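First comes the structure, then the notes that go with it.
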Amino acid sequence: MNQPKASQHITQNEALVFERSQAGRRGYMLPALDVDETPLDELLPAELRRADDLEGVPELSEPDVVRHFTRISTWNYHIDLGMYPLGSCTMKYNSRLNEKVARIAGFANLHPLAPAEDAQGALEVMYELQQHLAEITGLPGVSLQPAAGAHGELTGVMMIRAFLDKRDGEGAGARRVMLIPDSAHGTNPASAHLSGFTVKTIRSTSEGLTDLEHLRELCAARDVAGLMLTNPNTCGIFERNIQEICRVVHDAGGLVYMDGANMNALVGVARPGDMGVDVIHLNLHKTFSTPHGGGGPGSGPCCSTAELEPFLPVPRVVRAEGEGGEASYALDSDRPDSIGRVKAFYGNFGMHLRALAYILTHGRQGLREATEAAVLNARFVAAGLRDTFDQPFTSPPMHEVLFTDKRQSRKGAHTLDIAKRLIDYGFHPMTIYFPLIVQGAMLIEPTESVGRAELQQFVDAMKEIAREAVEDPELVLNAPHTTRIGRLDEAAAARKPVLRWRPEEKAATA
Amino acid sequence: MNQPKASQHITQNEALVFERSQAGRRGYMLPALDVDETPLDELLPAELRRADDLEGVPELSEPDVVRHFTRISTWNYHIDLGMYPLGSCTMKYNSRLNEKVARIAGFANLHPLAPAEDAQGALEVMYELQQHLAEITGLPGVSLQPAAGAHGELTGVMMIRAFLDKRDGEGAGARRVMLIPDSAHGTNPASAHLSGFTVKTIRSTSEGLTDLEHLRELCAARDVAGLMLTNPNTCGIFERNIQEICRVVHDAGGLVYMDGANMNALVGVARPGDMGVDVIHLNLHKTFSTPHGGGGPGSGPCCSTAELEPFLPVPRVVRAEGEGGEASYALDSDRPDSIGRVKAFYGNFGMHLRALAYILTHGRQGLREATEAAVLNARFVAAGLRDTFDQPFTSPPMHEVLFTDKRQSRKGAHTLDIAKRLIDYGFHPMTIYFPLIVQGAMLIEPTESVGRAELQQFVDAMKEIAREAVEDPELVLNAPHTTRIGRLDEAAAARKPVLRWRPEEKAATA
Amino acid sequence: MRYIPNSPEERQEMLGSVGLDTADALFDSIPAEVRLARPLEVPEALSEIELLARFERTAARNAAARRPNFLGAGAYSHYSPTIVDALIQRSEFFTAYTPYQPEISQGTLQAIFEFQTLVCQLTGMDVANASMYDGSTAMAEAVLMAERVTRRSRVVVSSGVHPEYLKVAETYVAHAGIELVRAEVDEATGRTLAGDDVVDDKVAAFVVQSPNFFGGVEDLKAAAERAHAAGALLVVVVTESASLGLLRSPGECGADVVVAEGQSFGVPLSYGGPYVGLFATREKFARQLPGRLVGVAYDREGRRGFVLTLATREQHIRREKATSNICTNEGLIALAATIYMTALGRKGLQEVAAQCAQKAAHARRQIATLEGFALPHSAPVFNEFVVRAPAPAEEVLRRLASEHQVTGGLALSRYYAERPNDLLVCVTETNTRAEIDALVSGLRNVTAP
Amino acid sequence: MRYIPNSPEERQEMLGSVGLDTADALFDSIPAEVRLARPLEVPEALSEIELLARFERTAARNAAARRPNFLGAGAYSHYSPTIVDALIQRSEFFTAYTPYQPEISQGTLQAIFEFQTLVCQLTGMDVANASMYDGSTAMAEAVLMAERVTRRSRVVVSSGVHPEYLKVAETYVAHAGIELVRAEVDEATGRTLAGDDVVDDKVAAFVVQSPNFFGGVEDLKAAAERAHAAGALLVVVVTESASLGLLRSPGECGADVVVAEGQSFGVPLSYGGPYVGLFATREKFARQLPGRLVGVAYDREGRRGFVLTLATREQHIRREKATSNICTNEGLIALAATIYMTALGRKGLQEVAAQCAQKAAHARRQIATLEGFALPHSAPVFNEFVVRAPAPAEEVLRRLASEHQVTGGLALSRYYAERPNDLLVCVTETNTRAEIDALVSGLRNVTAP
Ligand SMILES: Cc1ncc(COP(=O)(O)O)c(C=O)c1O
Ligand SMILES: Cc1ncc(COP(=O)(O)O)c(C=O)c1O
């Protein structure tokens, strides 16, 4: 028998804030109004004012609020607790130092519309980060405006479109196909679509690489605007034909967009710009360790060739040398070829600060060291699990390694079950069922932030689960056993979605 | 069957830092040395230098350290998780705002030996806190120097001794008895002893009050230096004869020390100074909410009558009016009657800041409101449990309520078992087996920081446990069932104490 | 490198165990020609001490962060209780990923569910998503959604919408076959003009911001009637979410989609981000929402939990047919807003809004009495208003900053060349009377003849 | 009051449920004559905004907190990695009580066990307790313990011990029948003089600080031999614990008790507290230790855990016969020190110490070259040293502060009237070369004829 779940333990049964609310409780205090009070009706006519007294909004004291969020926080797995090997997500150590940097009052209290001369520190931070990202990618044009990876994709793909429109004029209309490998992340086709492109899918080879022949075939149609490629790709394998791939696309008149989600395998080792890539987005919330925050904020800077630079979003952060040689920084919106703005203000500045702190803390050696350690960790896991789990591709993995449930599923234990059982061993599961091209995919990315002993524990847990799948399949199929709640019925949830609390709910669940 | 404990779950099995250590790991970085390096032998001869290369001290990376302490932290119960009704401990809400105040750079980075003119802010904080504590206790002389309650006791009792020595000269030698009720906290007799007093114990009445007759009897001997009284006493009852008690002691030539651990029942409602008390210590880490920190730091200011003020520790923080009427603050050590220093520097200043923030945030109304709410909460629990548990005394409780295991122990479930079983319900146990005069004591202090619903859950849990003690005693006797480890063999631990890790340990426990 | 657990020696051993000699060999699958043969041109590593000193120095160059501030225009100085930042700094929250594994992500999921509900309550709508990047991209997504829902391709956007939001929308629709048309703002009232000549039956949506960029509170009921009469959706944009504590909710006025910038809910200014976009709509459009959604689900024993749901709208399932390309959103900022809204609660959100309105009214009254100053627009305002100065606004503001240490507002010339003397002043509950007085007397001084 | 969950209405209902009408009735057992009939004379409640603004203003008056600082003398400016403060701010640690319930306090207990071990490793001793209030009270307790152990009542204390520690010891022993005798410091070397005339066979303990208050590293081996020859204990006091990373451990030198101030291990200066006292001794004296001790224990299934142990030494069991009256100690600060020692680790603790020594040597060399300045003591130092200025030290320091924005050290006249021109200068790893240069040139300027 397993532990009773969501037990009588009060911290395990924390209700919703609305259910906890008690009329009359207060969790705040404001200074008394220090100006003469104007009768409300003089300020705003009644028909413009709320009449509902915000009914339903919770009323709680400060300790109620603190306990509520502290309690529910304990239901989360998190990086500071243990290994979080989500493939493609790069869940590395989130430095507390970077959090401190982002909270320095001179940054945190700075209004985005403050005159540039009074915001030189912030502009310098952005400029410097741009310079470092240009060096790391080998692509000199950088915009920090995009708020996440997908946003960076959208930006990059729109730049390709703008570039082609300018280069080809009317002729560009015939060039509206974006090629995307079947292993790509869903955001790639979605971003391409949003930019008005038609998506055509490129097959992967049995080696897990982009099929060059297929690419050549598709390029032959001359309607190709570009290619969106992830490298290392989502199977964790470096596209070793990358130069040839770029050549084919360029020869066909297209441009190459690289999805930089997997840059943790390359920083300091190889640069997309040197491979022939025209534009890339980076995920600062992956490679540069800005915290994922339970789903954001992210930051997805775009880096491009000099040729594409005029098309980057405005405003750009630029540097001017003063008379005395001192630098000053400015925002420049005078870029007639720019695709325009993709976001109000200048991007997720708080994340720029953290990423810059990451880069400066690592320094030139540390950045490369991190890449090596990340790839080595993946290789270590690969070696440890090779005999137990099916590996769809034989190429040596870069920073993440792909397995499948082929062997285990014969006995009924599928990827989902293995993932859930890992929870009982104290690990966050790997990414599952992605990339879509591999059945029962398990994509494991340890990152550089995990030590040898914990990696070995992970390998041991996976092997143990494989054994359990044979000897005691129910144990695996009903996992997890150590959590507050069991597997949730997601299908039912989607069939009759309840997306918010309503007073009726209260009665139903009390 | 219960959940397997300290399971395979990695976060449940976190080893000691020494066991986790790996040669060559680093968790720090210093700036490169920026002065010319002197050969070590020139700095210090070899025989003055360590030769052990700090063997055994751990070597860990920063993520190792963060994960280690984060993991073990999750094995703690804490205020932000739920009700922590430790009687006599006043586990109230620890405001995050006060933490922020204590970390303001102008305070946190201030050296204690900075010249007073460059530390006016800190001195003002101390002076202001002194003023407020004087007002709250009705005792005008205040020293913030003591570092905790017991330290305050020592200070206060030494002041009594110094006062008597001055008043009575040689004659004081005949006055070396300190009276202490049998219900008192162990620090009281220990502090009295350290001040060179002989302790005599006063009986409590069947009402849980100090036995006035016994007090009179003991005072008759004329060797009494003073009385150390807790009020409300450790049974949670207000000593309603307090004025008479003070009179008796004063008439016998003694002084009255009050242990202010229970001031949370009195702030804004009644003042020790008005009751006849001569000197008191406060626990800022109880009544004024400075965090307990897993066992400190505390702060135990002493407040005394004007008569005793000259005997307070030095230095004192004093205020001077400048020419223009602006205030300035200074440290004054010129107090010939002072008992001297009880601590280097000026006490736990970081706690003074938090306590002042507590007082200013509550304001005059809020302080009284907190007292009312604290007493009301205790009364609510008392009413809820009265029919289920034995109440040794019938007087209405103040801020904490005392029960015993009399009824439950007949079936074999003792106070310890009830306490351990409470853990399974998600509550921290109450204080147990204190005060010593009540067999199987359970001292419950909810504080004002708990809301009605949670109080009711606590009452329900206690009743449920009482039911279990009858219907399923094993369940109670073997509790807790929901923790990482079970009850530990404390007797064995004391018999053969292992008080530190040694390399051999590693092998033994790996 | 102190963030990397395995020491160089351990890594050497591990290399051996996977059959390699050198770290370089890990990268054998990368062709030599594209390998970087030199170290990156990035500075040497900095220690913590050096790094913090450096960033402190840099931050000190942001003089504007130290002054009393009357800038609003899409980012607002509101007070955030200490507990907000303290709670989001629990590593349980800030280091977690998107809650793809619900059994070990219930903290994040429950908080998002609470966020969605609070957004619905404040906007007066039925459903809200788990967040967008910010207000500007939320508005752009609303425009795209209106096209999906109505299958019409023209969208009328009020000129009272934040000019940067307008720019973002222009970028987003550039290749979506959507035409953006402006509805002008009346100079006298400062409210959007929209006759049925503009909002006609070709129009997918009428997009109105309230309070608008010039501070005017729009007549959303009238806008809703206009839109609905034309068969279009009313999309309401809110940049100053604190106003929701006082103003009639867009939902009650008839909005079909409400998008908002949630920065006002306890999120630091942080030079423009990260902020959080709110996106709410009617029940019937739930399956057209962009972004993530959390819903209630139950486990086998009937215990309530929360999961990401209706994922078939999303890119990881639907790829190019998804309702949006958004993946990572602003989770932690949404959490901060949730904690803020919960801590302030029913009364606090109203009190903040009332104080903003009262203090702005006070400031406005005072400024109106100044020689040479005018208030060009007559519409009621919440906490922002346009002031027409007797001199170029940029110059006035520069002198206010340097001579009076006050950031007096925004020179509207930044966006509108035709408004050289106008400044947009914003007053919140954080501006003390003394600050307002300093602003007023500062304005008087710097414009004195 | 926002910290009190139950609202006034709820409290009124609860009063009713316990049979009372008014809150006043809760206090019926307090005689009316001693009830306070008026509100407290304490200010009205402040909001968060007001409170923070107020404390920020007050803190700004601590000018010394903003300057480069060469003050030591018992409190040291060392760098504390960010993770130290971040981790102790987990409410799991900072809001917990003393770990009386081991099943739900293993985090605290394991950390204390680690602390005890680290203290033993650094001091070279066998056992250490869970902390004392600070270094000064730890020393006083060591004196009391020496009396218990040896049953002798005279204690010789070096005049090189921190003068405030000496004062505290005087207070503690005032009524304990212990006589404190001074061993003088040699003016030429700056080291303690202690012939067998002072440390004789009536002496319970010989108390020596190293590095001593004047910065000199003492010959602890000689001191141990002297003490042991007399049958006394050697008590070693350390105020600058960073020195343990470089200096031979007191344990190796023969100390019987080591007490230290642990503030150097990552704890902020905070105007003198809270700090943390370290207390370590030999195995055979374990049961004579004051304060709490954590030991290993096992549950029924043999799982290792930690408990408070040997409690029969303590006041809550032994009352007046306890080894000390201490109850609450400095748990959270001990945790901070534990995290600090773990993060710095074997190499870092040595590097910090080496940098301190190197930078101090550099500063000392520079100052020695200044016209009119002298270094009166010849003993080797760690990171502090006495400088004899050509003018009164207080005056020199005042001018250094006002004219050069440097806090140059401590005027020894604060404690020693006979040393008007001496200042005690401390240099740590946080002092940059530029700061040292500023100190040196500042000293030159303010003493220029
Ligand atoms: C390969 C890949 N591309 C793109 C993305 C999208 O990035 P974001 O979530 O920051 O929008 C992801 C994120 O999961 C990814 O793994
Ligand atoms: C009644 C009483 N007196 C004294 C003390 C001692 O206070 P401290 O632990 O701060 O030294 C306590 C603490 O538990 C107590 O409850």
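Everything numeric in this text was worked out from a predicted model, so none of it was measured. We name chains A, B, ... by the order of the sequence lines, and we start the count at 1 in each one.
- Closest non-hydrogen pair, B/Leu488 versus D/Pro102, comes out as CD1-CB, 3.9 Å.
- You'll find the side chain of B/Arg500 reaches within 4.5 Å of the side chain of D/Gln121, heavy atoms only.
- Judged by distance alone, the side chain of D/Gln116 and the main-chain N or O of B/Leu499 form a donor-acceptor pair under 3.5 Å.
- Contacts between B/Ala270 and chain D at a heavy-atom distance below 4.5 Å involve backbone atoms as well as side-chain atoms.
- Between B/Pro297 and D/Leu332 the shortest side-chain heavy-atom distance falls below 4.5 Å.
- Using a 4.5 Å heavy-atom cutoff, the side chains of D/Glu114 and B/Phe18 are in contact.
- Atom-to-atom distance recorded for B/Leu86:CG and D/Gln101:CD is 7.5 Å, nearest 0.5 angstrom.
- Proximity of D/Phe94 to B/His78: side-chain heavy atoms (C-beta onward) are nowhere separated by under 4.5 Å.
- For the pair D/Ile326 and B/Ala150, the tightest heavy-atom approach, listed with the atom from each and the gap, is CA-CB, 4.4 Å.
- D/Met341 has its side chain out of reach of B/Val17: every pair of non-hydrogen atoms, C-beta onward, lies at least 4.5 Å apart.
- The contact between B/Glu37 and chain D is made by backbone and side chain atoms together, counting heavy-atom distances below 4.5 Å.
- Side-chain atoms of B/Arg379 come within 3.5 Å of backbone atoms of D/Leu26 as a donor-acceptor pair (strictly under, hydrogens ignored).
- A side-chain donor from one of D/Gln350 and B/Asp53 sits under 3.5 Å from a side-chain acceptor of the other.
- Between B/Gln120 and D/Asn62, the shortest heavy-atom distance links the atoms N-OD1, 3.6 Å.
- Ring planes of B/Tyr93 and D/Tyr3: perpendicular class, angle over 60° (limits at 30 and 60°).
- How far CG of D/Leu51 is from NZ of B/Lys100: 10.5 Å, rounded to the nearest 0.5 Å.
- There is no side-chain donor-acceptor pair under 3.5 Å between D/Thr95 and B/Asp80.
- Counting non-hydrogen atoms of neighbouring residues, nucleotides and ligands closer than 6.0 angstrom, the CD atom of B/Glu55 reaches no more than 12 such neighbours.
- Between the side chain of B/Thr483 and the backbone N or O of D/Ile104 there is no donor-acceptor pair closer than 3.5 Å.
- The main-chain N or O of D/Asp28 is never found under 3.5 Å from a side-chain atom of B/Arg240 such that the two would form a donor-acceptor pair.
- Contact of B/Met275 with chain D is made through backbone and side chain together, with heavy-atom distances under 4.5 Å.
- The shortest side-chain heavy-atom distance between D/Pro274 and B/Met351 falls under the 4.5 Å cut-off.
- Residue contact with chain D, scored on non-hydrogen atoms closer than 4.5 Å, is absent for B/Ile237.
- Of the possible polar contacts, none joining the B/Arg452 side chain to the D/Asn6 backbone as a donor-acceptor pair under 3.5 Å is found.
- Interface remark: D/Ile317 contributes no atoms to any contact with chain B (heavy atom separation under 4.5 Å).
- With a 4.5 Å cut-off on side-chain heavy atoms, D/Gln315 and B/His185 count as touching.
- Remark: the backbone N or O of B/Arg50 is not paired with any side-chain donor or acceptor of D/Arg248 at under 3.5 angstrom.
- With a 4.5 angstrom heavy-atom cutoff, D/Ser29 touches chain B via backbone and side-chain atoms both.
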Stepwise, does the side chain to side chain contact (heavy atoms under 4.5 Å, CB included) test hold for D/Thr98 with B/His292? CA-CA 7 Å; D/Thr98 303; B/His292 277 81; 5.8 Å; no
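- Aromatic ring orientation, D/Tyr133 versus B/His151: tilted (interplanar angle from 30° to 60°).
- Looking at D/Ala60, there are no atoms closer than 4.5 Å to chain B (heavy atoms on both sides), in backbone or side chain.
- Atom CZ in D/Arg346 sits 7.5 Å away from atom CG in B/Leu54 (nearest 0.5 Å).
- Contact annotation for B/Gln365: only side-chain heavy atoms (C-beta onward) come within less than 4.5 Å of a heavy atom of chain D.
- The pair B/Glu124-D/Arg61 counts as a salt bridge, with a side-chain nitrogen and a carboxylate oxygen less than 4.0 angstrom apart.
- B/His111 places a side-chain N or O within donor-acceptor distance of the main-chain N or O of D/Ala75, the cut-off being under 3.5 Å.
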Are B/Phe345 and D/Tyr271 close enough, and set up right, to give a side chain to side chain contact (heavy atoms under 4.5 Å, CB included), and what steps lead you there? CA-CA 8 Å; B/Phe345 311 126; D/Tyr271 204 53; over 6 Å; no
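- Both the backbone and the side chain of D/Ile30 have a heavy atom closer than 4.5 Å to some heavy atom of chain B.
- Rounded to the nearest 0.5 Å, atoms CE (D/Met1) and NE2 (B/His362) are 4.0 Å apart.
- In this structure, CG in B/Leu113 is found 11.5 Å from OG1 in D/Thr407, a value given to the nearest 0.5 Å.
- In this structure, chain B has a heavy atom under 4.5 Å from the side chain of D/Leu410, while its backbone stays farther away.
- For a residue to count as touching a neighbouring chain, one of its non-hydrogen atoms must lie under 4.5 Å from one of that chain's; by this rule B/His428 touches chain D with backbone and side chain alike.
- At a 4.5 Å heavy-atom cutoff, the contact between B/Pro31 and chain D is made by backbone atoms alone.
- Evaluated for a side chain to side chain donor-acceptor pair (under 3.5 Å) with B/Asp34, the options D/Lys359, D/Arg433, D/His362 yield exactly one hit, D/Lys359.
- For D/Pro81, no part lies near chain B; criterion is any non-hydrogen pair under 4.5 Å.
- Put simply, the side chain of D/Glu103 reaches to within 4.5 Å of the side chain of B/Arg487, judged on heavy atoms.
- For D/Thr309, the part sitting under 4.5 Å from any heavy atom of chain B is the side chain, from C-beta outward, and nothing else.
- With a 4.5 angstrom heavy-atom cutoff, B/Leu33 touches chain D via backbone and side-chain atoms both.
- Taking all atoms of both residues into account, the shortest heavy-atom contact from B/Ser191 to D/Asn325 is OG-ND2, 2.9 Å.
- For a residue to count as touching a neighbouring chain, one of its non-hydrogen atoms must lie under 4.5 Å from one of that chain's; by this rule D/Glu170 does not touch chain B.
- Only the side chain of D/Leu87 comes within contact range of chain B, with at least one heavy atom under 4.5 Å from a heavy atom of that chain.
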